[in-house]
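Residue numbering restarts at 1 for every chain, and letters A, B, ... go by the order of the sequence lines.
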There are 2 protein chains.
Amino acid sequence: MVTIGDVAQAAGVSRSTASYALSGKRTISPEVREKVRQAVEELGYTPNAGARALATSQTRVLGLLGRFLPDEFAPAMLQYILGVTNRARDLGYDTLLVSEEDGYAALTRISDSRMADGFVLLNVAEDDDRLPFLRTARQPGVLIGLPHDTTGVDVFDLDFEATGRVMVDTLSELGHTELILVSQPEHVVQRGGAYVWRLADSARERAAELGITIHTYFGSSTQPAIGDDLHRFLDAHPSATGLLLNNEAAAAALPTVLHQREMSAPRDISVIGRYSDDFARTFSLPYTAIDSAADELGRRAVEQLVARIEHRDAPSTHRVELIPPAIQDRGSIAAPPVHP
Amino acid sequence: MVTIGDVAQAAGVSRSTASYALSGKRTISPEVREKVRQAVEELGYTPNAGARALATSQTRVLGLLGRFLPDEFAPAMLQYILGVTNRARDLGYDTLLVSEEDGYAALTRISDSRMADGFVLLNVAEDDDRLPFLRTARQPGVLIGLPHDTTGVDVFDLDFEATGRVMVDTLSELGHTELILVSQPEHVVQRGGAYVWRLADSARERAAELGITIHTYFGSSTQPAIGDDLHRFLDAHPSATGLLLNNEAAAAALPTVLHQREMSAPRDISVIGRYSDDFARTFSLPYTAIDSAADELGRRAVEQLVARIEHRDAPSTHRVELIPPAIQDRGSIAAPPVHP
DNA sequence: CTGAAAGCGCTTACAG
DNA sequence: CTGAAAGCGCTTACAG
């Protein structure tokens with residue numbers, strides 16, 4: 001393989017000069033710089049990443065730690081991942097994607113073996129077992145997802161509390177007084193998906209403040225179970241006029257369910273969801289919804305992480321950034337129907 | 001940081017002995033082995049990956065190169081990715097995920113800088129610009145996706161030709177004589193998505209052999225355009241009784257479209273698709289379909305790649321493995337309706 | 001069965 | 001403005 005020694009020899013300079021000419025870390029005469037540049041070109045030199053990492057203690061690699069639980073809907077994670085990898089590349093970093101089930105083992109392995117300069121954690125649980133280690137790790141870490149204890153880490157997430165409030169406010173302002181909220185399955189919450197109850201709690205709270213009724217349910221995450229669930233919820237509350245969905249499968253199943261009930265949105269019921277615009281576009285999720293902002297979260301997380309990596313000493317305090325919910329109108333909400 | 005020197009010192013042996021005790025590459029007395037083990041435990045030693053890579057020319061990292069084009073449906077890719085990363089981890093490898101648009105640049109960068117021991121290429125195009133480099137690269141590579149020229153690489157893919165044939169055969173055997181095939185958008189094909197026309201061509205060929213009619217179309221990949229497309233196709237061929245879908249968005253839109261036409265499957269029309277079971281489960285894709293076999297392809301690709309990495313000298317010839325289509329019955333096909 | 005030493009390919013003080 | 005040398009933390013022939 002061609003090394004910096006070969007480049008130096010071809011350029012007729014020392015290895016250190018060749019190295020400096022490439023890094024620009026000290027002033028090099030234009031002639032030498034040009035000779036080195038030519039040698040690099042001719043020989044097709046690319047620095048050996050392992051050797052560089054060893055010498056500099058920098059890998060220019062980011063560790064991206066996801067957890068993809070069997071019955072969760074994993075594909076939604078790809079948008080976070082792409083947000084991370086693309087922005088990382090723009091900033092000069094590659095991304096090591098780790099999906100193994102034992103996230104703690106993965107984090108310690110990558111961190112202790114110095115395979116990455118920093119970490120992005122996906123799918124952060126309320127009481128995430130990776131956090132204690134991350135706080136003492138030599139590399140900085142940012143989270144996508146809000147845990148209970150945010151000390152020592154940077155956090156980016158959709159503002160799920162505001163999302164719950166906005167959903168209720170929006171329908172309340174239109175005159176609705178009885179709503180149903182369908183969340184993701186209970187086991188998602190139990191495994192630490194705090195965002196689910198964060199949205200639900202704030203929706204309930206806001207409803208209480210406004211003096212309106214809200215029925216909250218967990219729904220299945222697969223067909224056809226979620227369809228049955230929806231029928232059951234609608235049967236149980238025939239006077240409800242608004243439906244809030246924090247569950248992709250529910251949004252996908254609802255058109256058929258409404259059809260079977262000879263209902264349509266927003267004529268008979270107003271529907272507002274929380275899912276990614278991309279899924280809405282590919283699949284038939286025709287409802288007004290709050291976007292997950294996945295790639296924006298990925299982007300922002302990486303920017304913050306790289307800033308920390310490259311300015312370790314900066315005394316900046318850790319930040320928690322919650323992206324405010326943005327409603328994408330698809331015409332599925334209106335004033336409640338007037339019953340004679 | 002704790003190095004193997006620290007371990008050696010704590011165990012009262014030389015660095016080489018410590019190293020051999022850990023690697024097991026030469027016989028070590030039980031006592032020494034135990035002392036080293038203890039020192040590792042006490043000090044919390046993890047080998048530095050960069051140093052090891054430099055010494056051994058092995059990274060224990062696999063490069064996973066995807067292309068995620070803006071208007072393609074990216075989430076489907078996650079299942080391939082997870083198949084790769086999970087199997088890689090089982091075999092002791094981590095995965096560097098590279099999503100940058102310029103796949104050639106990505107491949108040369110990772111390869112030349114020795115950041116990976118081998119490559120898995122996703123989304124391989126008919127005439128993929130990464131292949132010439134891959135053939136001469138120092139690291140072996142396997143493809144998920146069948147290109148025109150398969151020399152020098154291992155290839156894994158769903159057998160799209162057999163898929164097209166099976167779709168036609170299945171409906172033909174039930175008595176259908178006029179079919180419509182809705183493929184992915186034309187630009188997917190133009191960008192190299194050879195699988196699209198591979199399926200379409202073999203379906204057409206098979207239909208010709210059987211003496212039945214098939215109308216083939218490209219469909220949009222987003223809502224609501226694909227819904228309009230479907231209506232148009234159905235309007236154009238009112239006597240068609242079978243619908244073949246090689247387009248996720250079409251499968252998602254079809255329930256509503258059929259409903260609007262007061263049709264149902266399989267009563268009025270038989271429907272058979274080609275998409276992932278996972279999507280079917282989460283979204284409402286209620287049709288009998290051939291699974292994409294994404295994670296199996298990812299798994300198999302990694303197994304082959306690791307075999308090549310670890311037995312470089314093995315004179316095994318390169319293989320092209322096409323997974324035969326497996327139909328998942330969801331009750332959407334039957335004999336064509338009998339018209340009075 | 002074990003140790004001292006060389007070497008992997010870089011970067012970066014140190015010296016001029 | 002440039003070079004010779006040390007060092008990053010491993011592994012592995014070489015020697016005993």
Side-chain angles (χ1 to χ4, degrees), chain A residues 1-37 39-40 43-61 109-117 138-139 310, chain B residues 1-37 39-40 43-61 109-117 138-139 310:
Chain A
M1 77 171 292
V2 28
T3 73
I4 197 159
D6 301 326
V7 170
Q9 199 172 342
V13 299
S14 73
R15 287 161 61 216
S16 56
T17 299
S19 176
Y20 283 120
L22 291 174
S23 69
K25 285 193 184 169
R26 78 178 179 194
T27 37
I28 298 281
S29 71
E31 305 88 68
V32 168
R33 203 205 319 276
E34 177 55 19
K35 276 193 295 184
V36 170
R37 201 199 55 69
V40 166
L43 301 175
Y45 169 71
T46 308
N48 180 303
R52 177 174 277 179
L54 184 55
T56 62
S57 301
Q58 279 207 53
T59 61
R60 311 260 350 154
V61 166
R109 178 167 46 83
I110 309 286
S111 173
D112 287 341
S113 66
R114 305 290 214 288
M115 295 181 76
D117 295 338
R138 42 182 55 83
Q139 303 96 339
E310 299 182 354
Chain B
M1 76 170 296
V2 27
T3 73
I4 197 160
D6 301 326
V7 170
Q9 199 172 342
V13 298
S14 73
R15 287 160 63 215
S16 56
T17 300
S19 176
Y20 283 120
L22 292 173
S23 70
K25 287 193 182 166
R26 76 179 180 194
T27 37
I28 299 280
S29 71
E31 307 86 67
V32 167
R33 204 204 317 276
E34 177 54 21
K35 275 194 295 185
V36 170
R37 202 200 54 70
V40 165
L43 301 175
Y45 170 71
T46 307
N48 180 304
R52 177 173 278 179
L54 183 56
T56 62
S57 300
Q58 279 207 51
T59 61
R60 312 260 347 156
V61 167
R109 179 166 46 83
I110 309 286
S111 173
D112 287 342
S113 66
R114 305 288 214 288
M115 295 181 75
D117 295 338
R138 43 183 55 82
Q139 303 95 339
E310 299 182 354

> Can you check whether B:Q58's main-chain N or O pairs, donor with acceptor, with B:D117's side chain at less than 3.5 Å?
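Side chain of B:D117 to backbone of B:Q58, a donor-acceptor pair under 3.5 Å: no, none is there.
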> Among C:dA13, C:dG3, D:dT12, which nucleotide has an atom closest to any side-chain atom of B:K25?
D:dT12
> How many Å lie between CG on B:L43 and C1' on D:dG9, as a whole number?
15 Å
> From C-beta outward on B:V32, which listed nucleotide comes closest to its side chain: C:dT2, D:dT2, D:dC10?
C:dT2
> A:Q9 CD to D:dA4 C1': how many Å, rounded?
16 Å
> Identify whether any heavy atom of B:S16 sits under 4.0 Å from a base atom; if not, whether one sits that close to sugar-phosphate; answer base, sugar-phosphate or nothing.
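Since a base atom lies under 4.0 Å of B:S16, the category is base.
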> Closer to the 5' end of DNA chain C via nearest nucleotide, is it B:A55 or B:V13?
B:V13
> Could you tell me the separation between the CG atom of B:L54 and the C1' atom of C:dC10, rounded to a whole number of Å?
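Result: 8 Å.
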> Which nucleotide in the set C:dC1, C:dT11, C:dT12 lies at the smallest distance from any side-chain heavy atom of B:S29?
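Between C:dC1, C:dT11, C:dT12, the one nearest the side chain of B:S29 would be C:dC1.
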> Check whether any side-chain N or O of A:S57 sits under 4.0 Å from OP1 or OP2 of D:dC8, and answer yes or no.
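The answer is no; no side-chain N or O of A:S57 sits under 4.0 Å from OP1 or OP2.
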> Is there a Watson-Crick or G-U wobble partner for C:dG3 with both distances under 3.5 Å, and if so, which one is it?
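D:dC14 is the nucleotide pairing with C:dG3.
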> Please check if the side chain of A:R114 supplies one atom and the backbone of B:N48 the other of a donor-acceptor pair under 3.5 Å.
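It does not hold such a pair.
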> Any donor-acceptor pair, under 3.5 Å, between the side chain of B:Y20 and the base of C:dA4, if you only look at N and O atoms?
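Counting by modelled atom types and ignoring angles, no donor-acceptor contact under 3.5 Å is found here.
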> Would you say C:dT11 has OP1 or OP2 under 4.0 Å from some side-chain N or O of A:R52?
yes
> Just how far, in rounded Å, is P of D:dC8 from CE of B:M1?
11 Å
> Measuring from the side chain of A:R15 (C-beta onward, heavy atoms only), which nucleotide among C:dA13, C:dC10, C:dC1 has the closest atom?
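For the A:R15 side chain, the nearest candidate turns out to be C:dC10.
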> Given atom CG of B:D6 and atom P of D:dC10, what is their separation to the nearest angstrom?
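Checked: the CG to P distance equals 9 Å.
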> Would you classify B:S19 as touching base, sugar-phosphate or nothing, given that sugar-phosphate means primed atoms plus P, OP1 and OP2, and contacts are heavy atoms under 4.0 Å?
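Since a base atom lies under 4.0 Å of B:S19, the category is base.
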> Run the numbers on A:Q139 and A:I110 for side-chain contact (heavy atoms from CB on, under 4.5 Å), then give the verdict.
CA-CA 10 Å; A:Q139 303 96 339; A:I110 309 286; over 6 Å; no
> Under 4.0 Å, counting only non-hydrogen atoms across every strand here, what does B:T56 touch: a base, just sugar-phosphate, or nothing?
sugar-phosphate
> Of A:V7, A:V2, A:T46, which is the lone residue that meets side chain to side chain contact (heavy atoms under 4.5 Å, CB included) with A:V40?
A:V7
> So which nucleotide from D:dG9, D:dG3, D:dT11 ends up closest to the side chain of A:S14?
D:dG3
> Using atom CD1 of B:I4 as one end and atom P of C:dA4 as the other, report the distance to the nearest whole Å.
14 Å
> Using side-chain contact (heavy atoms from CB on, under 4.5 Å), reason through B:R52 and B:R60 one step at a time and then give a plain yes or no.
CA-CA 10 Å; B:R52 177 173 278 179; B:R60 312 260 347 156; 5.8 Å; no
> Is there, by distance only and without an angle test, a donor paired with an acceptor across the side chain of B:R26 and the base of C:dT2 below 3.5 Å?
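Per atom types, the contact qualifies.
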> Grab the CG-C1' distance between A:L22 and C:dT12 for me, whole Å please.
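Distance check: A:L22 CG to C:dT12 C1' gives 14 Å.
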> With B:R26, which residues qualify under side-chain hydrogen bond (donor to acceptor under 3.5 Å, both in side chains), at least two apart?
none
> Just the rounded figure in Å: distance from C1' of C:dC10 to CG of B:D112.
16 Å
